[in-house]
Peer 1: 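First the structure, which I've put down as structure tokens, then a few questions once you've had a look.
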Amino acid sequence: MFTGIIETLGTIQEIKKEKDNIHVTVDSSITAELQIDQSVSHNGICLTVVAINNNSYTVTAIDETIKKTNLGDWKVRDSVNLERAMKLGDRLDGHIVQGHVDQTGICIATEETNGSWSYTFEYDEALNNLTIEKGSITVNGVSLTVVDSKRNQFSVAIIPYTHEHTNFKSFKVGTKINLEFDVIGKYVSKLYATR
């Protein structure tokens, strides 16, 4: 489990394809604190550390993960949002995030609004996910509050700290992002879909 509060950015050093799997090596300031078999959220994708070498570590993504996320679009030197799994007893500053991406979305608008930023995302409504006004959403692993919720799109407002310390600063129209819908929202959407 994660909280959606990003600890740091990592930089992709190497991407290797092996059969249907992709091995991603990331350089990060938290590498020294990691262990083999530890879960780390990368842009909202829970991946297991399989190797550590100096300041970098490697994780492996299987075909199922690649199909459901934007991981297949990652390139060397890209920045990824990183968060280690929460500890039992820690404060839950964001919201409950599983690290299981529900689907991808596309950035359709960005706007700087006098000291903050607004981003609007669109997603395929055929998967029966939905957002709730003032509810929680995870975008590339970042816990955010939904504003302007619509049937297949929503907006979020980003404070300067989040803009500076996540890969939101690299988003532009057309950027593909990972979405994990709020656990409660997922439950409501499943009820809604069966009626």
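Here the structure is a predicted model, which means the values were calculated and not measured.
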Peer 1: Sorted by first residue and then second, give each ring pair (Phe, Tyr, Trp, His ring centres under 6.0 Å) pair with at least one member in residues 18-38; sequence neighbours left out.
Peer 2: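 The answer is none; no pair qualifies.
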Peer 1: Do the side chain of Asp102 and the main chain of Phe181 share a donor and acceptor less than 3.5 angstrom apart?
Peer 2: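 Yes; at least one donor-acceptor contact below 3.5 Å.
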Peer 1: What pairs with Asp20 under salt bridge (charged side-chain N to carboxylate O under 4.0 Å, His left out), at least two apart in sequence or on another chain?
Peer 2: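 Salt bridge (charged side-chain N to carboxylate O under 4.0 Å, His left out) check on Asp20 returns nothing, list empty.
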Peer 1: Can you measure from CG (Leu179) to CG (Asn129) and round to the nearest 0.5 angstrom?
Peer 2: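 If I round to the nearest 0.5 Å, the distance is 8.5 Å.
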Peer 1: With sequence neighbours left out, write down each residue that passes side chain to side chain contact (heavy atoms under 4.5 Å, CB included) with Thr65, or none if nothing qualifies.
Peer 2: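 By the side chain to side chain contact (heavy atoms under 4.5 Å, CB included) rule, Thr65 matches Ile45, Leu47, Ala61, Ile62, Thr69.
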Peer 1: So, using ring pair (Phe, Tyr, Trp, His ring centres under 6.0 Å) as the criterion, who are the partners of Trp74 when residues are at least two apart?
Peer 2: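 With sequence neighbours excluded, Trp74 shows a ring pair (Phe, Tyr, Trp, His ring centres under 6.0 Å) to no residue whatsoever.
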Peer 1: With distance as the sole test, does Glu7 use its side chain to make a donor-acceptor pair with the main-chain N or O of Glu83 at under 3.5 Å?
Peer 2: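 Not at all, since once roles are kept as given, no pair shorter than 3.5 Å links the two residues.
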Peer 1: Can you list everything that forms a side chain to side chain contact (heavy atoms under 4.5 Å, CB included) with Glu164? Sequence neighbours excluded, please.
Peer 2: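 Glu164: no side chain to side chain contact (heavy atoms under 4.5 Å, CB included) contacts found.
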Peer 1: Donor-acceptor pairs are to be reported for all side-chain atoms of residues 152-163 against protein atoms at under 3.5 Å, with residues two or more places apart or in another chain.
Peer 2:
unit_1 : atom_1 : unit_2 : atom_2 : d
Ser155 : OG     : Thr120 : OG1    : 2.7
His163 : NE2    : Tyr119 : OH     : 3.4

Peer 1: Can you give each donor-acceptor pair under 3.5 Å made by side-chain atoms of residues 29-39, sequence neighbours left out, with the distance rounded to 0.1 Å?
Peer 2:
unit_1 : atom_1 : unit_2 : atom_2 : d
Ser29  : OG     : Thr8   : OG1    : 3.3
Thr31  : OG1    : Ser28  : O      : 3.0
Thr31  : OG1    : Asn55  : O      : 2.7
Glu33  : OE1    : Arg84  : NH1    : 2.8
Glu33  : OE1    : Arg84  : NH2    : 3.3
Gln38  : OE1    : Gln35  : N      : 2.8

Peer 1: Of all residues at least two apart in sequence or in a different chain, which pass the salt bridge (charged side-chain N to carboxylate O under 4.0 Å, His left out) check with Asp73?
Peer 2: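 Only Lys176 meet the salt bridge (charged side-chain N to carboxylate O under 4.0 Å, His left out) criterion with Asp73.
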Peer 1: Where is the tightest heavy-atom contact between Lys19 and Lys17, given as atom of each residue plus distance?
Peer 2: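 Shortest heavy-atom separation between Lys19 and Lys17 comes out as O-NZ, 3.2 Å.
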Peer 1: Can you confirm whether Ile12 sits close enough to Val24 that some side-chain heavy atom of one is under 4.5 Å from a side-chain heavy atom of the other?
Peer 2: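 In contact.
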Peer 1: Hey, is the main chain of Gln98 close enough, under 3.5 Å, to the side chain of Glu180 for a donor-acceptor pair?
Peer 2: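 Here the side-chain-to-backbone pair exists.
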Peer 1: Would you check if the side chain of Asp182 reaches a backbone N or O of Ile137 as a donor-acceptor pair within less than 3.5 Å?
Peer 2: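 Looks like no, no N/O pair under 3.5 Å.
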Peer 1: Only counting residues at least two apart or in another chain, list the ones meeting side chain to side chain contact (heavy atoms under 4.5 Å, CB included) with Glu112.
Peer 2: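 Side chain to side chain contact (heavy atoms under 4.5 Å, CB included) check on Glu112 returns Trp117.
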Peer 1: Not counting sequence neighbours, list each pair that qualifies as a ring pair (Phe, Tyr, Trp, His ring centres under 6.0 Å) and has a residue in residues 25-51.
Peer 2: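 Every pair satisfying ring pair (Phe, Tyr, Trp, His ring centres under 6.0 Å) with a residue in residues 25-51: His42-Tyr57.
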Peer 1: List in chain and number order the residues that pass side chain to side chain contact (heavy atoms under 4.5 Å, CB included) with Val50, two or more places apart in sequence or in another chain; answer none if no residue qualifies.
Peer 2: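 Result, side chain to side chain contact (heavy atoms under 4.5 Å, CB included) vs Val50: Thr58, Thr60.
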Peer 1: Can you find a pair of side-chain heavy atoms, one from Val142 and one from Asn43, that are under 4.5 Å apart?
Peer 2: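 No; the side chains remain at least 4.5 Å from each other.
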Peer 1: Checking Asp124 now: which residues fulfil salt bridge (charged side-chain N to carboxylate O under 4.0 Å, His left out) with it, not counting sequence neighbours?
Peer 2: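 Once residues adjacent in sequence are excluded, Asp124 has no partner under the salt bridge (charged side-chain N to carboxylate O under 4.0 Å, His left out) criterion.
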